[in-house]
Amino acid sequence: MPLLSVRMRASLKGKHVSGAERIVSEEDIPSTLCELLKRPGEHDFLKLTLERLEEVEEIAFDLSISSHKFKSVEEGREFALKELVRSGVPEWVAKKGIELLSKGANPKGGNMRGAVLLDVETGDRLEPDPGRGIRTVRVDWKDRSAVREVLLRRGFTDRTLDALAIALKNIHCGVLAELCWSDDPDYLTGYVSSRELGYVRITPLKEEGDHLGGRVYFIRRERVGELIRCLERRAVLISLSP
Ligand code: COA
Ligand code: AMP
């Protein structure tokens, strides 16, 4: 049965406020649209995109999840640094990634609209537009409600469900390690993820009220073109069991 990518984005006064996506069959389009339309809070613009997918790859949910709590942001970031190093990122490159997110990775100030691509060997930024960055798109869970139930039962949130999908696709495309914390000033949990360590949730990675956040993908320069195409274009469905 043909599958479609359904994407929603909403903004308020030109500022992005909400985004979500699904990969579903034609018969699930009406319920998916209803669900996505309920998601954004206050907005004055909303765009829906429906696109038939030629090819959809299926991958397994094969990452462990762990959670770590600390007394301060300094301790949380120190732990994130160690986890990045354990994933094979040189310490100075990992430090650069943390510094970029803490100061706002957009060279024009503030947040980016996607992720930084950081060369693990040279520490160079490789995203073609450093204000925009690269977004991981066209990814969803094969059986979203079953995975959601499992994660919520284990005390995780809808946010974890969506961030985990991005992290899984990233590793599948060849990202060596990822660092993320949200730009939401009330959400202080971030994560480091890699094939070696799994999905490592860390609280807090930022101070309450801080509007800065983002993602850094630590990558190898030789694969950058192929990697960007995979992150942006390849459709990936994640299944609970292989
Ligand atoms: N942050 C900030 N701005 C964003 C944005 C984001 N996440 N996504 C879209 N925009 C804005 C940008 O201005 C963008 O222009 P740009 O390409 O110059 O940056 C513009 O909207 C058009 O974006 P486009 O790439 O055409 O959007 P899209 O229709 O492909 O949708 C989303 C992308 C919204 C689905 C994606 O960004 C997103 O938020 N995904 C949800 C993440 C998620 O939870 N995935 C897991 C599902 S299991
Ligand atoms: P969020 O987890 O939604 O709070 O997003 C945190 C940051 O990650 C944003 O400020 C963007 O820089 C970046 N980002 C958001 N969506 C994506 C995506 N789909 N792929 C890569 N980076 C993203």
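Since the model is a prediction, treat every value here as computed from it, not as a measurement. We count ligands from 1, going down the list as the structure has it; atoms in each ligand are counted the same way.
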Asp62 and Leu168: CA distance, side-chain angles, deciding distance, side-chain contact (heavy atoms from CB on, under 4.5 Å) verdict: CA-CA 8 Å; Asp62 55 1; Leu168 277 154; 3.9 Å; yes
Derivation and outcome, side-chain hydrogen bond (donor to acceptor under 3.5 Å, both in side chains), residues Glu127 and Tyr217: CA-CA 10 Å; Glu127 65 280 11; Tyr217 298 170; over 6 Å; no
From CA spacing to verdict: side-chain hydrogen bond (donor to acceptor under 3.5 Å, both in side chains), Ser5, Arg7: CA-CA 6 Å; Ser5 162; Arg7 304 194 293 279; 2.8 Å; yes
Thr122/Asp119 under side-chain hydrogen bond (donor to acceptor under 3.5 Å, both in side chains): CA gap, chis, key distance, verdict: CA-CA 6 Å; Thr122 62; Asp119 181 344; 3.0 Å; yes
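Only one option out of Arg215, Lys169, Arg195 pairs with Glu178 in a salt bridge (charged side-chain N to carboxylate O under 4.0 Å, His left out); it is Arg215. Each of Glu226, Glu58, Glu55, Glu57 was compared with Arg234 under the salt bridge (charged side-chain N to carboxylate O under 4.0 Å, His left out) criterion, and only Glu57 meets it.
Closer than 4.0 angstrom to ligand 1 by heavy atom are Arg7, Met8, Arg9, His16, Gly19, Ala20, Glu21, Thr49, Arg113, Arg132, Arg135, Val139, Asp140, Arg144, Asp162, Ala165, Ile166, sorted by chain and number.
From Thr157, atom OG1 reaches atom CG of Leu164 across 10.5 Å, with rounding to the nearest 0.5 Å. Of the inter-residue distances, the one linking Cys173 atom SG with Glu232 atom CD reads 10.5 Å to the nearest 0.5 angstrom.
Below 4.0 Å from some heavy atom of Gly214 lie the following atoms of ligand 2, by number and element: 7 (C), 8 (O), 12 (O). Each of the atoms 10 (O), 11 (C), 12 (O) of ligand 2 lies under 4.0 Å from some heavy atom of Met112.
Using a 4.0 Å heavy-atom cutoff, Ile134 is listed among the residues neighbouring ligand 2.
Within the structure, ring pair (Phe, Tyr, Trp, His ring centres under 6.0 Å) contacts touching residues 95-151 (residues at least two apart or in different chains) are Phe61-Trp141.
With a 4.0 Å heavy-atom cut-off, ligand 2 is reached by the side chain of Tyr217 but not by its N, CA, C or O.
Counting only heavy atoms of the protein, atom 3 (O) of ligand 2 lies nearest to Arg215 NH1, 4.4 Å. The protein atom (non-hydrogen) at minimum distance from atom 12 (O) of ligand 2 is Gly114 O, 2.9 Å. Asp183 OD2, 2.5 Å is the protein heavy atom nearest to atom 10 (O) of ligand 2. Scanning all protein heavy atoms for the shortest distance to atom 4 (O) of ligand 2 gives Ser182 OG, 2.7 Å.
When hydrophobic clusters are built by joining Ile, Leu, Val, Met, Phe, Trp and Tyr residues whose side-chain heavy atoms come closer than 4.5 Å, directly or via intermediates, Val73 is not grouped with Leu81.
The nearest non-hydrogen atom to atom 19 (N) of ligand 2, considering only Thr136, Val116, Val137, comes from Thr136.
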